[in-house]
Amino acid sequence: MDRVDIAIIGSGPAGISAAVNAKIRNKSFLLFGRKELSHKVNISKEIRNYIGFPSVSGKELNERFAAHLRDMEIEITEETITGIYNMGKYFMLLADQKVFEATTVIIAIGAETVKPLPGERELLGKGVSYCATCDGNLFKGKTIAVFCDNESHEHEVNYLAELAKKVYYFPNFASTLSMPNVENTKSKIAKILGNSCVSDIELKDGTKITVDGVFFLKQAVAADVLLGKLETEGGHIVTDRRMQTNIKGCFACGDCTGAPYQIAKSVGEGNIALHSAISYLAEMGKKDDEFEDK
């Protein structure tokens, strides 16, 4: 796949705003997310502070957003980005076994609503994984625990079950998955145990289960896990007024940058992030031109 100017991660109000403005400015871009757009917006009973819509349901507003995308022929790439790698002059984005490249990145993944479990971050890469395709083969013939927060990821649970000897499954929805080596567990995971690597999980009912690894299959990976060395504070991405993060070429907008968690704020930040990305692209172009002149 060709390298695009901008990769936009997230299909909520901030990501949509960035994508609409990228289309208007004739930039090449990819918008990663879900065609259902923002679940948070969709379940809002009434929104009264979005200019031009004195009283609108979240479902109706999401439908308007979707119509706007269709009208501008903007497609959503339904892939979950599990890793972003800063390659210097561009970024490499990983989604399962697919790789995308972009000169700039705009992160609009929303606020992290579920805090990481004790041991989850500490044992990341030491038995804890967010990517079934990336790390599944490391646990062939072993015992694993799998947390899944959306049925759209359940095919990845199937994949892991085909590799593993035993799977303790923790779906965050009404799952009907049935495989001989998969045990649906009623109690929730409370913590992950281990020193140099994962050894056990402890459930909320106090039960301990010995496992070799734990997979978290989520709709969005936490920002600081997504991109190494990204500066965060209190679970939010730190940006300046131009929505620039501490990593050049990477911008962030919307709820992931902190309160207030308002649609109007997200839309505005998405607009700012996009125009800041355009300015960065122009500056990069000037530097390349200067190098070629020499």
Side-chain angles (χ1 to χ4, degrees), residues 3-33 38 40-41 49-51 65 68-69 72 74 77 81 83-93 100-112 220-291:
R3 186 180 303 167
V4 296
D5 293 325
I6 306 163
I8 303 165
I9 306 170
S11 56
I16 293 170
S17 175
V20 165
N21 283 282
K23 183 79 172 187
I24 291 170
R25 293 297 298 270
N26 200 32
K27 296 299 176 184
S28 62
F29 67 95
L30 287 170
L31 173 61
F32 295 96
S38 168
K40 178 184 172 183
V41 172
N49 65 342
Y50 192 65
I51 302 301
F65 289 158
H68 198 155
L69 291 173
M72 298 191 73
I74 296 173
T77 301
I81 301 299
I84 304 173
Y85 301 92
N86 184 3
M87 309 302 289
K89 289 191 173 182
Y90 70 96
F91 294 88
M92 185 170 69
L93 298 90
F100 304 88
E101 291 184 2
T103 307
T104 63
V105 170
I106 295 176
I107 300 175
I109 57 175
E112 188 177 5
V221 178
D224 56 338
V225 174
L226 198 62
L227 176 57
K229 298 182 180 179
L230 182 67
E231 184 182 357
T232 61
E233 185 177 311
H236 299 112
I237 303 172
V238 176
T239 67
D240 61 17
R241 286 180 58 83
R242 297 179 63 250
M243 313 319 300
Q244 170 72 59
T245 70
N246 66 304
I247 296 175
K248 291 198 175 295
C250 176
F251 305 85
C253 53
D255 287 358
C256 64
T257 66
Y261 304 122
Q262 301 286 336
I263 295 171
K265 177 252 193 187
S266 294
V267 170
E269 287 191 350
N271 188 2
I272 295 169
L274 185 279
H275 284 88
S276 295
I278 290 174
S279 296
Y280 177 83
L281 288 166
E283 189 61 34
M284 287 281 288
K286 285 180 183 177
K287 287 180 179 178
D288 288 343
D289 289 342
E290 288 172 3
F291 180 77

| Parallel, tilted or perpendicular, as decided by the 30° and 60° cut-offs, for the rings of His236 and Tyr261 | tilted
Do the non-hydrogen side-chain atoms of [X] and [Y] ever get within less than 4.5 Å of each other?
X: Gln262; Y: Asn49; value: yes
X: Val105; Y: Ile107; value: yes
X: Ile278; Y: Lys27; value: yes
X: Thr239; Y: Glu231; value: no
X: Cys253; Y: Ile106; value: yes
X: Asn246; Y: Val238; value: no
X: Val20; Y: Ile74; value: yes
X: Ile247; Y: Leu230; value: yes

| task | May I ask you to decide whether Lys265 forms a salt bridge with Asp255, counting only side-chain N to carboxylate O separations under 4.0 Å? | result | no
| task | Could you give me the CA-CA distance, side-chain angles and deciding distance for Thr103 and Asp5, then say whether side-chain hydrogen bond (donor to acceptor under 3.5 Å, both in side chains) is met? | result | CA-CA 5 Å; Thr103 307; Asp5 293 325; 4.9 Å; no
| task | May I ask you to check whether Glu269 and Thr257 show a side-chain donor-acceptor distance below 3.5 Å? | result | yes
| task | Tell me yes or no: between the side chains of Asn271 and Ser17, is some donor less than 3.5 Å from an acceptor? | result | no
Looking only at non-hydrogen atoms, find the nearest pair between [X] and [Y] and report the distance.
X: Ala223; Y: Ile109; value: N-CD1, 3.9 Å
X: Thr245; Y: Cys250; value: OG1-O, 2.8 Å
X: Ala19; Y: Phe29; value: O-CZ, 3.6 Å
X: Arg242; Y: Phe251; value: O-CD2, 3.9 Å
X: Ile81; Y: Val221; value: O-CG2, 4.1 Å

| query | CD1 of Ile16 to NE2 of His68: how many Å apart, nearest 0.5 Å? | reply | 9.5 Å
| field | Ser38 OG to Ile263 CD1 distance, which is reported to the nearest 0.5 Å | value | 7.0 Å
| message | On the six-membered ring of Tyr90, is Arg3 placed so that its NZ or CZ lies under 6.0 angstrom from the centre and within 45° of the ring axis? | response | yes
| query | So does Ile51 have more than 12 non-hydrogen atoms from other groups sitting under 6.0 Å from CD1? | reply | no
| said: Are more than 12 heavy atoms, taken from residues, nucleotides or ligands other than Asn26, located less than 6.0 Å from that residue's CG atom? | reply: no
| task | Could you walk me through whether Leu30 and Ile6 pass side chain to side chain contact (heavy atoms under 4.5 Å, CB included), step by step? | result | CA-CA 7 Å; Leu30 287 170; Ile6 306 163; over 6 Å; no
| Strictly under 6.0 Å, is that where the ring centroids of Phe91 and Phe100 end up? | no
